[in-house]
Each structure stands twice: as structure tokens, then as C-alpha cells.
Amino acid sequence: RILVDKQRMLYEALNKLYRARTASEYRDVISEVRRAIEGIVLGTSAGNKIASALEKAFKGLNIAYETEAGALDEVVNELKEVILGMKSFTNAIYGYASSLGIHATEIEKPKKLYEPRPYRHDAEFAVLQAMLFLNYLIRVLKHYASRV
């Protein structure tokens, strides 16, 4: 349900993208992506719930065949880290959207002010990557739910 709500937010961002014509409007679209993704990063309540569900799904779907005891747990943890962990798709999409979205005004080291001026292809990249990511999560969890 959380992911479907986020997917709706991205659909609205995609509709905005079709109407957007200026850097300011593209920033708005990218900011919508950031808002959709920020609530599901690991460490947030929703992100932790999704990580737990994803772990159960990967194990329940036997995403890998264990030829050595404990290997499945390692594969599942690796996938969970890549998808939702600190160096993950979620954080990469969020970081991209944060760098080019409306609230982006400074870069950490050194702190320098800037005004993002994204193009249509920048906004399209953000929306489509986020949608692809959410669709994958939804499909994995639906497939697992259908088998339980």
C-alpha cells in the first residue's frame, strides 16, 4: 500500500513533466520524485517495513539456491542493501532528486550556494528511474503475496 501511494505520487510527477517547459517546472517535477522516495529510504518507518517485507519475499521466493548453508541469507542481505541500504537505488534516486530539486541550495563540502537548472531529460530521468524502482518492489512483493 505504501508503495502504491508513492507510485501515485510519481504518476502525478509524470503528468507534471508532460506540461513542464521551464527549468523551474522541471525542478518541481524532480522535487516530487524526492518527496516520493524520501519516505521509503531505510531508517524511516515505511522504509524499514518495506525492507522487512522484501527480505521475507526474497527468502520465500527462494531467489537463490543455497549450495552452502547460510548463502541465501547473505544474498538476501546483499540485495536488500543494494535496493534500500546506504548505497542503494533508493538513496541514489533521492540524492539525484535532492541535488536538482527545489530545495537544493548548497553542496555539503564545501558548502556553496547554487540554483539547479535542470532540463526536461533530467526530470524525465528522475521520474522514470523512481517509477521503475517502485514497480520492481511492488512486483516482488505481489509475487510473494500470491504464493503465501
Side-chain angles (χ1 to χ4, degrees), residues 1-21 23-108 116-148:
R1 180 171 146 65
I2 294 166
L3 295 174
V4 172
D5 290 341
K6 299 298 184 177
Q7 197 175 39
R8 278 190 209 113
M9 290 175 72
L10 291 175
Y11 181 73
E12 290 172 20
L14 188 60
N15 285 332
K16 274 187 177 181
L17 174 63
Y18 290 132
R19 294 185 307 271
R21 298 287 176 257
S24 174
E25 291 170 329
Y26 298 135
R27 274 196 313 267
D28 288 345
V29 171
I30 294 169
S31 291
E32 290 294 321
V33 171
R34 182 186 53 80
R35 282 190 280 281
I37 295 298
E38 73 185 343
I40 61 171
V41 295
L42 202 55
T44 64
S45 175
N48 293 342
K49 287 177 187 174
I50 292 166
S52 177
L54 199 57
E55 184 174 354
K56 287 177 188 172
F58 282 148
K59 286 181 180 179
L61 293 170
N62 292 318
I63 198 160
Y65 175 74
E66 269 189 333
T67 55
E68 190 175 319
L72 179 60
D73 288 336
E74 285 184 26
V75 169
V76 167
N77 285 332
E78 173 96 10
L79 288 171
K80 192 173 65 172
E81 256 317 291
V82 168
I83 292 171
L84 295 169
M86 293 309 292
K87 294 183 178 178
S88 66
F89 291 122
T90 314
N91 284 342
I93 295 167
Y94 179 76
Y96 180 87
S98 292
S99 296
L100 291 177
I102 290 174
H103 86 294
T105 56
E106 58 186 44
I107 298 174
E108 278 304 308
R117 301 252 174 125
Y119 293 91
R120 178 175 210 78
H121 60 266
D122 299 314
E124 183 178 51
F125 176 74
V127 172
L128 295 179
Q129 287 299 313
M131 288 182 107
L132 180 65
F133 173 70
L134 286 179
N135 286 344
Y136 172 74
L137 292 178
I138 290 167
R139 286 181 181 202
V140 167
L141 296 174
K142 274 186 173 180
H143 186 74
Y144 173 67
S146 73
R147 297 180 84 187
V148 176

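Any value given below was found using the heavy atoms of this structure, including those in side chains, with hydrogens, waters and symmetry copies removed.
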| request: Would you give the length of the straight line joining atom CG of Leu128 to atom CG of Asn135, rounded to the nearest 0.5 angstrom? | output: 10.5 Å
| Can you tell me if Glu66 uses its side chain to pair, donor with acceptor, with the backbone of Gly70 under 3.5 Å? | yes
| query | Can you find a heavy atom in the side chain of Val29 that is under 4.5 Å from one in the side chain of Glu32? | reply | no
| Parallel, tilted or perpendicular: which describes the rings of Phe125 and Tyr96, with under 30° parallel and over 60° perpendicular? | perpendicular
| note | Applied to residues 38-65, the salt bridge (Lys or Arg N to Asp or Glu O under 4.0 Å) test, sequence neighbours excluded, yields Arg34-Glu38, Glu55-Lys59, Glu55-Lys80, Lys59-Asp73
| Where Ala130 and Ile37 come nearest, the two heavy atoms and their spacing | CB-CD1, 4.1 Å
| query | Are the side chain of Ser31 and the backbone of Gly101 linked by a donor-acceptor contact shorter than 3.5 Å? | reply | no
| Any side-chain heavy atom of Leu54 within less than 4.5 Å of one from Tyr144? | no
| request: Answer yes or no: is there a donor N or O on one side and an acceptor on the other, between the side chain of Arg27 and the main chain of Pro116, under 3.5 Å? | output: yes
| Just wondering, do Ile40 and Phe133 contact through their side chains at under 4.5 Å, heavy atoms? | yes
| Do other residues, nucleotides or ligands put more than 12 heavy atoms under 6.0 Å from the CZ atom of Arg21? | yes
| said: Is any side-chain heavy atom of Leu79 closer than 4.5 Å to one of Val75? | reply: yes
| task | Measure the spacing between CD of Gln7 and CG of Leu10 and express it to the nearest 0.5 Å. | result | 7.5 Å
| message | Can you list everything that forms a side chain to side chain donor-acceptor pair (under 3.5 Å) with Asn15? Sequence neighbours excluded, please. | response | none
| What distance separates Lys6 NZ from Ile138 CD1, expressed to the nearest 0.5 Å? | 12.0 Å
| task | Please report the shortest heavy-atom distance between Leu72 and Ala64, naming the atom on each side. | result | CD1-O, 3.6 Å
| query | Taking the side chain from Asp122 and the backbone from Tyr119, do they hold a donor-acceptor pair closer than 3.5 Å? | reply | yes
| request: Answer yes or no: is there a side-chain heavy-atom contact under 4.5 Å between Leu84 and Val41? | output: no
| field | Main-chain N/O of Arg120 paired with Glu124 side-chain donor or acceptor, under 3.5 Å | value | no
| query | Taking atom OH of Tyr94 and atom CZ of Arg35, what is their separation to the nearest 0.5 Å? | reply | 10.5 Å
| query | Taking atom CG of Leu132 and atom CG of Leu137, what is their separation to the nearest 0.5 Å? | reply | 10.0 Å
| field | Sub-4.5 Å side-chain heavy-atom contact between Leu17 and Tyr26 | value | yes
| Closest non-hydrogen atom pair, Ile83 against Thr90 | O-OG1, 2.7 Å
| note | For Leu141 and Ala57 the tightest heavy-atom approach is CD2-CB, 3.9 Å
| query | OG/Ser146 to CG/Leu61 distance, rounded to the nearest 0.5 angstrom? | reply | 8.0 Å
| query | Is Val33 close to Ile93 at the side-chain level, that is, under 4.5 Å between some pair of heavy atoms? | reply | yes
